[in-house]
**Student:** 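Sharing a structure with you now.
To find a chain, count down the sequence lines: A is the first, B the second, and so on, and within it residues start at 1.
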2 protein chains.
Amino acid sequence: MVKIRDVALHAGVSVATVSRALNNYSTVAPELVSRVRDSAEKLGYRPNALARSLRRQTTRVWSLIVTDIDNPFYTALARGVEDIARDSGYSVLLCNSDEDAVRERDYLQVAEQEQAAGVIIAPSGRDTDVSRLIAARIPIVAIDRTMTADVDIVRTNSGLAARAATEHLLAAGWRHPACITGPADSETAEDRYRGYREAALAAGVEPLARHVPFHSDGGTEAVAELLGEDDPPDSFFVANSVLALGVLDELRRRKVAVGADVGLVMFDEAPWAPLLSPAITVLTQPAYDIGAEAARLLVARIGAPEGAPHGPKEIVLPTTLVVRESSQRAV
Amino acid sequence: MVKIRDVALHAGVSVATVSRALNNYSTVAPELVSRVRDSAEKLGYRPNALARSLRRQTTRVWSLIVTDIDNPFYTALARGVEDIARDSGYSVLLCNSDEDAVRERDYLQVAEQEQAAGVIIAPSGRDTDVSRLIAARIPIVAIDRTMTADVDIVRTNSGLAARAATEHLLAAGWRHPACITGPADSETAEDRYRGYREAALAAGVEPLARHVPFHSDGGTEAVAELLGEDDPPDSFFVANSVLALGVLDELRRRKVAVGADVGLVMFDEAPWAPLLSPAITVLTQPAYDIGAEAARLLVARIGAPEGAPHGPKEIVLPTTLVVRESSQRAV
DNA sequence: TTGAAAGCGCTAACAG
DNA sequence: CTGTTAGCGCTTTCAA
């Protein structure tokens, strides 16, 4: 491993000069700069980021903690984060908590110990403990879900969108929409449920819902239960695309035809949504932009002076209903 | 930030003792161990990973570089890597090169500068330059695609599988299968093409193929071109699921019915494959296991003594043809 | 403008 | 068994 000392020796200057030259300090004589650069180039010198970070007391790495790496919403979001991070010279440590509070805690600890420059997190629960990060002055931006801790957040208005989706189902002629959502302690799951509930109540329909884990099996299970009800639903509002996978699978298994026997709207766009027969009506969240905005917020926080007084920022992005076939009653 | 010195002061011992106690050196008196642990606990001490790594000259972080984070194959693989990494006490820096050699180079450089303990990479091309990592003695495991560099690799036998898939198409009664694959400089793309070609030739069918970028747009484009041929194909062997998304989209747009007008088999399982009508016949790769095996190989390499003589290992996992409806001629 | 030297927080010889 | 101390490789005062 070639270190700064080797470059200094080769260039015939001190290590301090090498450091300054390579970090673009304007105080170094131009000739020395080029001599140093040449030496560094020739020797194949790469600064040791560990040593630099230790000395500078700051790293160039972010942690991005998501709850489900298989959810296209999060991969799209990750791209948004990553693009902005790259532009700003950061690398992103992508961590998958799998909705598991223990894994999440572990990753938060890693972020702390590795002295992450910042953390972007989709918290597994509202009470996810980030107090240590805050104490360590590591900026945090929440995405998708709010948390009790006082941090910046970028999200969409799930409740409103859920309400609109349910109203759409009703307007399309479905009489008895049910809601399949995530665990009650997940904020987005609850918001979406509430939006559905409002719309149902407003239309004089008795709300019918299932809270299941955010996995496709959860969707499967919920459908099975719901269709076993005395007064089964004739349509579904599903709180995310992973859940919908299970829902659609179970519906198919039971030979229940979407768009004819039952209606369906799901939260989140997915690459396969337009390909199904019928094509799935979705609530599109600007996933990439959520990530990008969160990244911008983080950059701003990192750059902000120590005792900057500004309170937590909140950015709410719009969700769009994309009407396709699954929500329509077949002719 | 509470540091080791603070713990030492609080526990009334030297920093060395704190270090030893916390790192489970058996030479420390049990009473001191507990005193140190108590102090550390009380003060909320968290070792600075940067300082530790700098001193130990080794980190607990891996880089996992994939070419497309939106490809379910890679997210499943990432889970495999992550699970084993966690078990072995490592964190995974997941990087998305997007098939872009420049991004890939940047990430490799980050891995080097951050002194990654190891790197698992799906190289964007066979000639991806990992010489610096090798020089820095950072173990590397290739996944999915081989490379000219001498590294461990975990992969499937794409060629064989592709051949089987094409033979299956032919056996199902399709007369003129075409191949839609990735860029010619991508090894898996080429392997899959060759497998297809062998099967076609063996059956006396003139090979017909398109090499396009591994994005859904590539699939769209390929279909458009292929169907414009004088002697258009009656079925498709598609080299991965992302490409297939574009293929299916274009087929749908043109109102060409899969399973009736054309047959289709794609490489890789995808959560939506069984949900389409008709359900898609796929070549399933054990993505999770590929990741897990790669991780195990990496653990072994990291643990191996400096001058260990064993050459690069290669692990080839089986691919399974899952016959569903899209490859069958409708009655 | 440059160099010498201190020190980021930790671990690991080396002494005792 | 415990403490003292020398670094890991780098940046950044402080002097010259």
**Student:** I'd like the 5' and 3' limits of the part of DNA chain C contacted by chain A, with heavy-atom contacts below 4.0 Å.
**Tutor:** dT1(C) to dG9(C)

**Student:** Check the phosphate of dT12(D) against Y25(A), side-chain N and O only, distance under 4.0 Å to OP1 or OP2. Yes or no?
**Tutor:** yes

**Student:** Say whether Q115(A) and S53(A), considering side chains only, have a donor N or O and an acceptor N or O under 3.5 Å apart.
**Tutor:** no

**Student:** Check this for me, if you would: do E293(B) and R296(B) make a salt bridge, where the nitrogen-to-carboxylate-oxygen distance has to be below 4.0 angstrom?
**Tutor:** yes

**Student:** Which donor-acceptor pairs under 3.5 Å do side chains of residues 141-148 of chain B form with protein atoms, sequence neighbours excluded?
**Tutor:**
from	atom 1	to	atom 2	distance (Å)
D144(B)	OD2	Y74(B)	OH	3.0
R145(B)	NH1	E99(B)	OE1	3.3
R145(B)	NH1	P123(B)	O	3.0
R145(B)	NH2	E99(B)	OE2	3.0
T146(B)	OG1	R126(B)	NH1	2.6
T146(B)	OG1	E187(B)	OE1	2.7
T146(B)	OG1	E187(B)	OE2	2.4
T148(B)	OG1	R126(B)	O	3.2
T148(B)	OG1	D127(B)	OD1	3.3

**Student:** Output the rounded distance in Å from CG (N23(A)) to P (dC10(D)).
**Tutor:** 11 Å

**Student:** When the nearest nucleotide of DNA chain D is assigned to V28(B) and to A51(B) on a heavy-atom basis, which residue is associated with the more 5' position?
**Tutor:** V28(B)

**Student:** Where the side chain of R55(B) is defined as all heavy atoms beyond and including C-beta, which of dT12(D), dT2(D), dC8(D) is the nearest nucleotide?
**Tutor:** dC8(D)

**Student:** Given that R56(B) and S14(A) both sit by DNA chain C, which one's nearest nucleotide is further toward the 5' end?
**Tutor:** S14(A)

**Student:** Within the 4.0 Å heavy-atom criterion, would you say T17(B) contacts the bases, only the backbone, or no part of the nucleic acid?
**Tutor:** sugar-phosphate

**Student:** Looking for any heavy atom pair under 4.0 Å, which part of the strands does A29(A) touch: base, sugar-phosphate only, or nothing?
**Tutor:** sugar-phosphate

**Student:** Any idea which of dT2(D), dC10(D), dT13(D) is nearest the R20(A) side chain?
**Tutor:** dT13(D)

**Student:** Under 3.5 Å, is there a donor on one side chain and an acceptor on the other for Y107(B) and N96(B)?
**Tutor:** no

**Student:** Applying ring pair (Phe, Tyr, Trp, His ring centres under 6.0 Å), which residue pairs with at least one partner in residues 48-69 of chain B are found, sequence neighbours left out?
**Tutor:** W62(B)-Y90(B)

**Student:** Determine yes or no for a side-chain-to-main-chain donor-acceptor pair under 3.5 angstrom, with R60(A) supplying the side chain and S88(A) the backbone.
**Tutor:** yes

**Student:** Can you tell which of dG3(D), dT2(D), dC8(D) lies closest to the side chain of L54(B)?
**Tutor:** dC8(D)

**Student:** How is L32(A) classified with respect to the nucleic acid when contacts are heavy atoms under 4.0 Å: base, sugar-phosphate, or nothing?
**Tutor:** sugar-phosphate

**Student:** Establish, with yes or no, whether the OP1 or OP2 oxygen of dG9(D) is under 4.0 angstrom from a side-chain nitrogen or oxygen of Q57(B).
**Tutor:** yes

**Student:** Could you check whether any side-chain N or O of D83(A) sits under 3.5 Å from a backbone N or O of G80(A), counting only pairs where one atom can act as donor and the other as acceptor?
**Tutor:** no

**Student:** Whole Å only: how far is the CG atom of L50(B) from the C1' atom of dT11(D)?
**Tutor:** 14 Å

**Student:** At 4.0 Å (heavy atoms only), tell me whether S19(A) reaches a base, stays on the sugar-phosphate, or touches nothing.
**Tutor:** base

**Student:** Select from V15(B) and V15(A) the residue whose nearest nucleotide in DNA chain D is closer to the 5' end of that strand.
**Tutor:** V15(B)

